[in-house]
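Values in this document were obtained by computation on a predicted structure and should not be read as measured data.
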Amino acid sequence: MTDHVRIGVLGAAMITPAAVLRPARSSTVAEVVAVAARSTGRAQAFADKHGIPRVHGSYEELLADPAVDAVYNPLPNGLHGKWTLAALEAGKHVLCEKPFTANAAEAEEVAAAANASGLVVMEAFHYRYHPLAVRIDEIMRSGVLGPLRHVEASVCFPLPVFSNIRYDYSLAGGAMMDAGCYAVHMARLLGGDEPEVRSARALLRGPSIDRAMRASLRFPSGHTGSVHASMWSSTVLKLSLKAIGENGTLSVFNPLGPHTFHRLSLRLRNRSSAETFGRRATYAYQLDAFTDAVLHGKPFPTTADDAVKNMTVIDSIYRAAGLPLRQPTA
């Protein structure tokens with residue numbers, strides 16, 4: 001591996017075409033070369049549909065393939081940690097879908113292995129690599145808003161298919177895991193790394209599964225925050241973030257999918273502005289960052305250590321809501 005990255009895919013997840021396959025087709029340095037699924041037939045059907053040349057009948061076979069340099073891990077939440085660790089043991093770089101693991105303790109285990117391996121392990125918060133998120137980070141670091149007072153992030157979308165794996169506790173499901181991991185990550189981007197969870201309230205689908213969650217935060221510098229995540233509630237769709245400072249307010253509509261309609265608004269005491277960005281997919285920017293890290297050692301923000309911080313907040317929200325932590329799938 002000197003000038004391109006050969007990627008193997010674990011599973012036949014619905015997100016894979018958007019997250020990896022389409023971006024790889026337009027990349028000069030990334031190629032999806034193999035797929036493995038729960039059965040050879042399922043893997044073969046996926047490979048035939050998407051033009052993937054190599055098929056493996058098990059995840060272990062794919063990890064043993066010397067023609068694979070890196071692994072994309074879009075398995076159910078409860079399996080992320082297990083198979084990321086297995087990929088590292090096999091000497092593969094990993095692009096792991098969010099949330100990184102089932103809980104913070106597992107994230108710490110994976111981060112320790114990642115740091116010891118010298119391999120690239122990236123949590124797939126694709127939004128973070130788009131110029132929109134880069135601009136948000138730039139504004140927050142500039143101090144133009146003045147001392148922060150409050151930040152908030154909402155990721156709410158309708159998913160009334162209750163048989164979906166996102167509602168399965170045994171697979172580490174829940175609204176805070178699948179939607180809320182984004183909201184927590186964005187709140188941390190605006191407000192700082194390690195907020196304290198002051199309170200949380202869940203709407204339940206079952207005894208342990210949250211279909212929606214609200215949480216109140218306080219950051220070490222004294223400003224407050226809130227996150228709102230939902231897969232099914234009266235808030236059908238809300239994708240937004242906001243930072244309020246003494247000098248003004250930053251507001252963003254649809255920070256997760258800038259390739260569709262989005263808007264960044266900055267209102268200061270003496271001026272207001274609005275910005276939009278190009279429609280190149282967030283996933284394409286993410287794949288660029290992943291291959292740059294693998295081939296050239298370029299740093300990136302969604303590291304395994306960052307994932308530990310994000311999962312720590314998620315765990316604290318579940319505790320505050322009186323719900324059990326998610327657990328790895330056996």
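Using a distance-only test at 3.5 Å, with no hydrogens or angles considered, a donor-acceptor pair links the side chain of R188 to the main chain of D193. The closest donor-acceptor contact from the side chain of K82 to the backbone of A330 lies at 3.5 Å or more, if one exists at all. Without hydrogens or angle criteria, R269 side chain to N247 main chain gives no donor-acceptor distance under 3.5 Å. A donor-acceptor contact shorter than 3.5 Å is absent between the side chain of T84 and the backbone of G81. Judged by distance alone, the side chain of N310 and the main-chain N or O of C181 form a donor-acceptor pair under 3.5 Å. Panel note: side chain D69, backbone R6; a donor-acceptor pair is recorded below 3.5 Å. Judged by distance alone, the side chain of T16 and the main-chain N or O of A13 form a donor-acceptor pair under 3.5 Å. Of the possible polar contacts, none joining the S221 side chain to the H223 backbone as a donor-acceptor pair under 3.5 Å is found.
When hydrophobic clusters are built by joining Ile, Leu, Val, Met, Phe, Trp and Tyr residues whose side-chain heavy atoms come closer than 4.5 Å, directly or via intermediates, L171 is not grouped with L325. One hydrophobic cluster, built from ILVMFWY side chains closer than 4.5 Å, holds both V32 and F290. Residues L241 and L268 are members of one and the same hydrophobic cluster, defined by side-chain heavy-atom contacts under 4.5 angstrom among Ile, Leu, Val, Met, Phe, Trp and Tyr. Criterion: ILVMFWY side-chain heavy atoms under 4.5 Å apart, direct or through other members. Under it, V155 and F253 are not part of a common hydrophobic cluster. Hydrophobic clustering, with ILVMFWY side chains joined whenever heavy atoms are under 4.5 angstrom apart, groups V35 together with L21.
Residue A12 comes nearest to R42 through the heavy atom pair O-NH2, 3.7 Å, listed as atom of the first residue, atom of the second, then distance. Residues A307 and E123 come closest through the heavy atom pair CB-OE1, 3.2 Å. Closest approach of G173 and I209 over heavy atoms only: O-CD1, 3.4 Å. Heavy atoms only, all atoms of each residue included: A113 and L85 are closest at CB-CD2, 3.6 Å. Between A187 and V151, the shortest heavy-atom distance links the atoms O-CG2, 4.1 Å. The heavy-atom pair separating A183 from A153 by the smallest distance is O-CB, 3.4 Å.
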Before you tell me yes or no, could you show the steps for D137 and L189 under side-chain contact (heavy atoms from CB on, under 4.5 Å), namely the whole-Å CA-CA distance, both residues' side-chain angles and the distance that decides it to 0.1 Å? CA-CA 7 Å; D137 191 30; L189 174 63; 3.7 Å; yes
For L239 and V252, run side-chain contact (heavy atoms from CB on, under 4.5 Å): C-alpha distance rounded to whole Å, both residues' side-chain angles, the deciding distance at 0.1 Å, then the answer. CA-CA 9 Å; L239 304 171; V252 182; over 6 Å; no
L159 vs R166, test: side-chain contact (heavy atoms from CB on, under 4.5 Å). Steps then yes/no. CA-CA 9 Å; L159 185 65; R166 292 169 178 82; 3.5 Å; yes
Please determine whether side-chain contact (heavy atoms from CB on, under 4.5 Å) holds for the pair H262 and L132, giving the CA-CA distance in whole Å, both sets of side-chain angles, and the decisive distance to 0.1 Å. CA-CA 9 Å; H262 65 278; L132 172 59; 4.1 Å; yes
As a quick check of understanding, evaluate side chain to side chain donor-acceptor pair (under 3.5 Å) for T282 and H130, giving each step before the final call. CA-CA 5 Å; T282 53; H130 194 275; over 6 Å; no
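Applying the side-chain hydrogen bond (donor to acceptor under 3.5 Å, both in side chains) test to pairs two or more places apart or on separate chains, none has a residue in residues 22-41.
With rounding to the nearest 0.5 angstrom, the SG atom of C156 is 7.0 Å from the NZ atom of K238. Atom OG1 of T101 and atom CD of Q327 lie 10.5 Å apart (nearest 0.5 Å). Note that OG of S251 and NZ of K242 are 4.5 Å apart. Values are rounded to the nearest 0.5 Å. Between atom CZ of residue R201 and atom CD1 of residue I317 there is a gap of 13.5 Å, rounded to the nearest 0.5 Å. Between the OG atom in S273 and the CZ atom in R267 there is a gap of 9.0 Å [rounded to 0.5 Å]. With rounding to the nearest 0.5 Å, the separation of CD1 in I15 from CD in E97 is 6.0 Å.
Residues Y129 and P301 have side chains in contact (heavy-atom distance under 4.5 Å, counting atoms from C-beta outward). Using a 4.5 Å heavy-atom threshold, the side chains of Q286 and M122 count as touching. Two residues are said to be in side-chain contact when any heavy atoms from C-beta on lie closer than 4.5 Å; L63 and V71 meet this criterion. Residues H185 and Y127 form a side-chain contact, since some pair of their non-hydrogen atoms from C-beta on lies under 4.5 Å apart. Proximity of I136 to L250: side-chain heavy atoms (C-beta onward) are separated by under 4.5 Å at one or more points. A 4.5 Å side-chain heavy-atom check between H80 and N73 finds at least one atom pair inside the cut-off. Proximity of R128 to Y285: side-chain heavy atoms (C-beta onward) are nowhere separated by under 4.5 Å. Side-chain contact between F300 and D306 is absent, with no heavy atoms from C-beta onward closer than 4.5 Å.
Among Y182, Y283, F100, the single residue meeting the ring pair (Phe, Tyr, Trp, His ring centres under 6.0 Å) criterion with F125 is Y182. When each of V197, N103, L323 is checked for a side-chain contact (heavy atoms from CB on, under 4.5 Å) with Y318, only L323 meets the rule.
Counting non-hydrogen atoms of neighbouring residues, nucleotides and ligands closer than 6.0 angstrom, the CH2 atom of W232 reaches no more than 12 such neighbours. Counted within 6.0 Å of CD on E89, heavy atoms from surrounding residues, nucleotides or ligands total 12 or fewer; the atom is thus considered open. By the 6.0 Å contact criterion, CZ on R280 is enclosed, its count of non-hydrogen atoms from other residues, nucleotides or ligands being greater than 12. Shown here is R279, whose CZ atom has no more than 12 heavy atoms of other residues, nucleotides or ligands within 6.0 Å.
A salt bridge between D210 and R205 is absent, with no side-chain N of the basic residue lying under 4.0 Å from a carboxylate O of the acidic one. Taking the charged nitrogens against the carboxylate oxygens, D315 and R326 have no contact shorter than 4.0 Å, which rules out a salt bridge. Using a 4.0 Å cut-off between a side-chain N of Lys or Arg and a carboxylate O of Asp or Glu, D305 and K309 do not qualify as a salt bridge.
Under the 3.5 Å distance criterion, with hydrogens and angles disregarded, no donor-acceptor pair is assigned to the side chains of H93 and Y72. Side-chain contact, D65 with H56: a donor N or O sits under 3.5 Å from an acceptor N or O. N254 and S240 share no donor-acceptor pair across their side chains, judged by distance under 3.5 Å alone.
Ring geometry for Y167 against F162 counts as perpendicular: the plane angle is over 60°, on a 0 to 90° scale with 30° as the lower cut.
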